[in-house]
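Note on naming: letters A, B, ... go to the chains in the order of the sequence lines (proteins, then strands), and numbering restarts at 1 for each one. Keep in mind it's a predicted model, so treat the numbers as computed, not measured.
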Amino acid sequence: MDFIIEAAVKAVKALYQIDLKPADINLQPTRKEFEGQITIVTFLFTKISRKSPEQTGAEMGEFLKNEVKEISGFNVIKGFLNISLSDAYWINKFYTEILSADFAMVKPNGKKVMVEYSSPNTNKPLHLGHVRNNLLGYSVAEILKADGYQVVKANLVNDRGIHICKSMLAWQKFGNGETPESTGEKGDHLVGKYYVLFDKEYKRQIEELKSFGQTEEEAKKKAPVIKEAQEMLQQWEAGNEEVISLWKTMNLWVYDGFGKTYKALGVDFDKFYYESDTYLLGKDIVDEGLEKGVFFKKEDGSVWIDLTADGLDEKLVLRADGTSVYMTQDLGTAQLKYNDFHMDESIYVVGNEQDYHFKVLFLILQKLGKQWAKGLYHLSYGMVDLPSGKMKSREGTVVDADDLVDEMEQTAKEQTEALGKVTGYSQEEKLQLYHTIGMGALKYFLLKVDPKKRLLFDPNESVDFQGHTGPFIQYTHARIRSVLSRAEPLSPVKEKRISVDPQERDLILTLSQFPETITLAATGHSPAIIANYVYELAKAFNKFYHEKSILQAEDELTKQFRLQLSAASAGVIKKAMKLLGIQVPERM
RNA sequence: GGUCCCAUAGCUCAGCUGGAUAGAGCAACAGAUUUCUAAUCUGUAGGUCAUAGGUUCGAAUCCUAUUGGGAUCACCA
């Protein structure tokens, strides 16, 4: 719409002899209840023109209409100049822009970005909170790709630490040699079961000690199982063969389980980092910081950074005994990742409870003079709550990711069967369809919301399949494909149509916004922008579909035009949904 | 207590760098199918945009304060 802005600048110059910058012109889409497609807000110009908004608008409208051939008409309501663009403009936009092979294909921008997401603990299965993380990370990566970035999807697996030892210990004590093979249980669930068992035993021992007169605090420290777990961690760090072997075995079980969940969710990674490899990193950065005077040492030997001047606190970066803390590790890992890929930007998809941590992490790296630190971004998202409150994996009160996937597929199956839509499907096709629809509903439900807002998930009410949902958009796609399958295959455009109906024009307008929407979503790191866009598109198509006949169009040229328009709509829907990690079926 | 985030219709959410009568979906009610898939479409009803000030020609949007909810301020990760 740059040509309108340019012309408006010209109009102000010609009418009122004032030079404006393009940024001074305020364009917005015309509201549906008014005639026109694009609106110039003219309140600003009234100061210049010293005339009423109505008169100013009318003068400018008249000038623009004469100046710009694409403008076919205008109307003025208060300070709003509503401009109608000619059919020829929309027709041309459709044939040359939207139907062109490279529509919404962005050229590589030469930038590399890393998206780190998922980052699970290997002591328990994934739950709904992880699902939000995975879907967000995957989608943001896809959106950045579509916007021209080279993307590295990374997963930093938290595979060591006291929490892992808890599962291991409980399995040793109560497991009787159980394996995923012997029980048929998914590996991550098996391990998670022992994590919960540990906690039960731990709590029992605490109560026991308390009954002997110990305080809660003492009991928590003295309970035999926690001591054993701590000992196990020390043995792990010392490289005790038996412990390492058990650790490897149980981690493999978990990875096998995670692999299945990732596959069901449709997410993947280019690079895995393991904390067992990285937990000792960062000490050289501590030395570097001490040298540069960014860090300082306290009497006990612990190393700190003073961030009070930045409105934050003093923060520990290395313990007195020389061992790492979380921050030490993350400093080291950030450097490692940069050394590996030299990316321009790096996005951490991590929950908002770590806002403070990342603020500090990025600030420290900047203070250390790391040039690449300015490309770091924390994509913070809100927690997923249940009506009953917070999810607690130690207590087993979580919405399990695998259960959720199953339930979604089951609901999709029930809905589909109730509608009688699966005649002529093979068993395999049915399962595939239920998966596509179930996941479409779940993914859309989680991604349409602004990431930073917390999300309330009611498992009983489940996820809707009607209205503003994934299946609604999938259905629109399927319906288009159905119409197209009834027509002859599309042939290259020989003759162009010369007029458009309002529904067609709205559809062309919406389609044409796809490229800018991708860029908007990429810069804002927000799949929600894509989700809301594709919903608008599906609605625009449904309206068109409802009011205009495609196969029974008035004449052959109109029919061809509408088929092309439908095909283009299906194409954009498919692409946009792919950016959300959602597949669209051919039939449903 | 310090810092950060959130608050829009009964419910779930949009509302871009300030612009028109604050929009969708669900739920409620009323309609549309001998016609390309009704998981659709059309209409009715539903709001003091948490509250109070301020900036502005104009504020849901920006600023300040207050209230409510959440997170964080670990030698846990």
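Looking at heavy atoms from C-beta onward, A:Leu433 lies out of side-chain contact with A:Lys421 at the 4.5 angstrom threshold.
Listed nucleotides B:A39, B:A77, B:A20 differ in distance to A:Asn82; the shortest reach to its side chain belongs to B:A20. Side-chain proximity of A:Leu456 to B:A38, B:C75, B:U12: nearest is B:U12.
Between A:Gln28 atom CD and B:A14 atom P there is a gap of 21 Å when expressed in whole angstrom units. Spacing between atom CD of A:Glu516 and atom P of B:U17 amounts to 15 Å, rounded to whole angstrom units. Going from atom CD of A:Glu314 over to atom P of B:C73 covers 16 Å, rounded to whole Å. The interatomic distance linking A:Asp464 (CG) with B:C13 (C1') rounds to 13 Å, in whole Å. In this structure, NZ of A:Lys452 is placed 22 Å from P of B:G69, rounded to the nearest angstrom. Atom CG of A:Asp310 is separated from atom P of B:C73 by 18 Å (rounded to the nearest Å). Separating the OH atom of A:Tyr381 from the P atom of B:A71 is a distance of 15 Å, rounded to the nearest angstrom. Taking atom CG of residue A:Leu316 and atom C1' of nucleotide B:A74, one finds them 9 Å apart after rounding to whole Å.
The ring-ring contact (aromatic ring centres under 6.0 Å, His included) test with A:Tyr279 singles out one residue from A:Tyr274, A:Trp236, A:Tyr326, A:Tyr273, and that residue is A:Trp236.
The phosphate of B:U37 (OP1 or OP2) has a side-chain N or O of A:Arg486 nearer than 4.0 angstrom. The shortest distance between the side-chain N/O atoms of A:Arg160 and the OP1/OP2 oxygens of B:C76 is not below 4.0 Å. OP1 or OP2 of B:A39 has at least one side-chain nitrogen or oxygen of A:Tyr475 nearer than 4.0 Å. OP1 or OP2 of B:G23 has at least one side-chain nitrogen or oxygen of A:Arg31 nearer than 4.0 Å. Checking the phosphate oxygens (OP1, OP2) of B:U21, a side-chain nitrogen or oxygen of A:Lys78 falls inside 4.0 Å. Regarding contacts with the backbone of B:U72, every side-chain N or O of A:Lys359 stays at 4.0 angstrom or more from both OP1 and OP2.
Within the nucleic acid shown, A:Tyr356 comes within 4.0 Å of sugar-phosphate atoms alone, with no base atom in reach, counting heavy atoms only. Across all strands shown, A:Lys421 has heavy atoms under 4.0 Å from base atoms, whether or not it also approaches the sugar-phosphate.
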Exercise for the section: Determine, stepwise, if the pair A:Lys413 / A:Glu409 fulfils salt bridge (charged side-chain N to carboxylate O under 4.0 Å, His left out). Expected result: CA-CA 6 Å; A:Lys413 178 178 149 96; A:Glu409 287 176 355; over 6 Å; no
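Contact check on A:Lys452 versus A:Asp450 returns a salt bridge, with a Lys/Arg side-chain nitrogen under 4.0 Å from an Asp/Glu carboxylate oxygen.
Pairing analysis of RNA chain B (Watson-Crick: purine N1 to pyrimidine N3 plus N6-O4 or O6-N4; G-U wobble: N1-O2 and O6-N3; both under 3.5 Å) yields stems of 3 or more pairs at B:1-7 with B:67-73, B:10-13 with B:23-26, B:28-32 with B:40-44, B:50-54 with B:62-66.
The nearest pair of heavy atoms linking A:Lys220 to A:Tyr202 is O-OH, 2.7 Å.
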